[in-house]
Asks: 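Sharing a structure below in structure tokens format, with a few things to ask.
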Amino acid sequence: QMLNELLTLARGGRAVGDTEPVDIPTVVAQAWSSVDTPEATLTTEALESLPQVSADPTRLKEAFENLFRNALDHVGEDVAITVEAAADGNGVAVVDDGPGIPPEQRDEVFEHGYTGGNGTGLGLSIVETIIEGHGWAIWIDDNDGGARFIIEFDDE
């Protein structure tokens, strides 16, 4: 995992390559299947209602993989993850059933090298780089239990 994350960082400024129309449900399913999740569960809600977005499919898949791995690292192998469409159809939330991220740490978790425990400190900074490389936004929202990462698409 660390080798993959270091290779990603080695790409330098190339956060996003060529973009194409991408189905979010497909990318989420591909990302889930490429992460070792024997005891974890994934639920999706209303992703089929989302329009396609213009994205680098490989890099977007990597962002979801890192979000899933982050939940596994910090919550445990039996984590329950939900990926749900935003009500306005312009984004998704990735939610886990762990203890959540305290408000005072929400900006820090995206910094290179920051880890709240078991991670490498690279995964979430890579996620932010990929999301922002698409011209989108990512942040951590309030949630009653568990972390809630919001990705807002800005495909105009």
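Worth knowing before you read on, the calculation uses all heavy atoms, side chains too, and leaves out hydrogens, waters and symmetry mates.
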Asks: Roughly how far, to the nearest 0.5 Å, is CD1 of Ile81 from CG of Leu42?
Replies: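 Going from CG on Leu42 over to CD1 on Ile81, the span is 6.5 Å.
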
Asks: Provide the closest heavy-atom pair for Ser49 versus Ala85 in the form atom of the first, atom of the second, distance.
Replies: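 Taking every non-hydrogen atom into account, OG-CB, 4.2 Å.
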
Asks: Under 3.5 Å, side chain of Asp88 to main-chain N/O of Asn90, donor-acceptor pair present?
Replies: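 Yes, because the side chain of Asp88 sits within donor-acceptor range (under 3.5 Å) of the backbone of Asn90.
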
Asks: Considering residues at least two apart in sequence or located in another chain, which fulfil the side-chain hydrogen bond (donor to acceptor under 3.5 Å, both in side chains) criterion with Glu84?
Replies: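 Partners of Glu84 by the side-chain hydrogen bond (donor to acceptor under 3.5 Å, both in side chains) criterion, ordered by chain and then number, come out as Arg148.
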
Asks: Evaluate the criterion side chain to side chain contact (heavy atoms under 4.5 Å, CB included) for residue pair Phe149 and Ile131; output intermediate values, then yes/no.
Replies: CA-CA 12 Å; Phe149 291 87; Ile131 298 304; over 6 Å; no

Asks: Can you confirm whether more than 12 heavy atoms, excluding those of Asp107, are under 6.0 Å from its CG atom?
Replies: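 Counting other residues, nucleotides and ligands, CG of Asp107 stays at 12 neighbours or fewer.
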
Asks: Please step through side chain to side chain contact (heavy atoms under 4.5 Å, CB included) for the pair Thr37 and Phe68, ending with a clear verdict.
Replies: CA-CA 9 Å; Thr37 58; Phe68 297 155; 5.5 Å; no

Asks: Should Val95 and Trp32 be counted in the same cluster of Ile, Leu, Val, Met, Phe, Trp and Tyr side chains packed under 4.5 Å apart?
Replies: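 No, because Val95 and Trp32 fall into different hydrophobic clusters, even though each may have its own neighbours under 4.5 Å.
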
Asks: Contact between Phe110 and Ile140 at the side-chain level, heavy atoms closer than 4.5 Å - yes or no?
Replies: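 SC-SC contact between Phe110 and Ile140 confirmed.
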
Asks: Which heavy atom of Leu72 sits nearest a heavy atom of Ala40, and at what distance?
Replies: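 Looks like CD2-CB, 3.9 Å.
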
Asks: Decide yes or no for Asp142 and Arg106: does some side-chain heavy atom of the first lie under 4.5 Å from some side-chain heavy atom of the second?
Replies: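 Result yes, sub-4.5 Å side-chain heavy-atom pair found.
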
Asks: What heavy-atom pair brings Gly133 and Val16 nearest, and what distance separates the two atoms?
Replies: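 Shortest heavy-atom contact: C-CG2, 3.4 Å.
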
Asks: Write down the atom of Gly89, the atom of Pro51, and the distance for their closest heavy-atom approach.
Replies: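 For Gly89 versus Pro51, the nearest heavy atoms are O-CD, 3.7 Å.
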
Asks: Ring-plane angle category for Trp136 and His134, please: parallel below 30°, perpendicular beyond 60°, tilted otherwise.
Replies: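 Trp136 vs His134 ring planes: parallel.
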
Asks: For residues Thr19 and Ser54, report the shortest heavy-atom separation together with the two atoms involved.
Replies: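 Residues Thr19 and Ser54, closest heavy atoms: OG1-OG, 3.3 Å.
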
Asks: Is a side-chain donor or acceptor of Asp23 paired with a backbone partner of Thr26 at a separation under 3.5 angstrom?
Replies: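 Side chain of Asp23 to backbone of Thr26: no pair is present.
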
Asks: Do any N or O atoms from the side chain of Asp78 and from the backbone of Glu39 form a donor-acceptor pair under 3.5 angstrom?
Replies: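 No, Asp78 side chain to Glu39 backbone: no donor-acceptor pair under 3.5 Å.
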
Asks: Nearest 0.5 Å, what's the CG-CG distance between Asp56 and Asp18?
Replies: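 The CG atom of Asp56 sits 7.5 Å away from the CG atom of Asp18.
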
Asks: Looking only at heavy atoms, what is the nearest atom pair of Val22 and Pro57, with distance?
Replies: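 For Val22 versus Pro57, the nearest heavy atoms are CG2-CB, 4.0 Å.
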
Asks: Can you find a heavy atom in the side chain of Asp97 that is under 4.5 Å from one in the side chain of Val79?
Replies: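 Yes, side chains in contact.
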
Asks: Stepwise, does the side chain to side chain contact (heavy atoms under 4.5 Å, CB included) test hold for Leu60 with Ile24?
Replies: CA-CA 9 Å; Leu60 185 56; Ile24 295 299; 3.9 Å; yes

Asks: Is Leu124 close to Leu67 at the side-chain level, that is, under 4.5 Å between some pair of heavy atoms?
Replies: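 When only atoms from C-beta onward are counted, Leu124 and Leu67 do touch, with a gap below 4.5 Å.
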
Asks: Please determine whether residues Leu50 and Val28 belong to a single hydrophobic cluster, defined as Ile, Leu, Val, Met, Phe, Trp and Tyr linked transitively by side-chain heavy-atom distances below 4.5 Å.
Replies: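 Same cluster: Leu50 reaches Val28 through Ile, Leu, Val, Met, Phe, Trp or Tyr contacts under 4.5 Å.
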
Asks: Surrounding CD of Glu20 (heavy atoms of other residues, nucleotides or ligands, distance under 6.0 Å), is the total greater than 12?
Replies: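 Yes - once you tally the heavy atoms of other residues, nucleotides and ligands closer than 6.0 Å, there are more than 12.
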
Asks: Any side-chain donor-acceptor pair under 3.5 Å between Glu65 and Ser34?
Replies: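 Yes, a side-chain donor-acceptor pair sits under 3.5 Å.
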
Asks: With rounding to the nearest 0.5 Å, note down the distance linking CD in Gln105 to CD in Glu111.
Replies: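 It is 11.0 Å, given to the nearest 0.5 Å.
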
Asks: Hey, could you give me the NE2/CD1 distance between His74 and Ile101, rounded to the nearest 0.5 Å?
Replies: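 CD1 of Ile101 is found 8.0 Å from NE2 of His74.
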
Asks: Any side-chain heavy atom of Asn70 within less than 4.5 Å of one from Asp73?
Replies: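 A side-chain contact under 4.5 Å is absent here.
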
Asks: So if you build clusters from Ile, Leu, Val, Met, Phe, Trp, Tyr with side-chain heavy-atom gaps below 4.5 Å, do Leu47 and Phe64 land together?
Replies: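 Both belong to a single hydrophobic cluster.
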
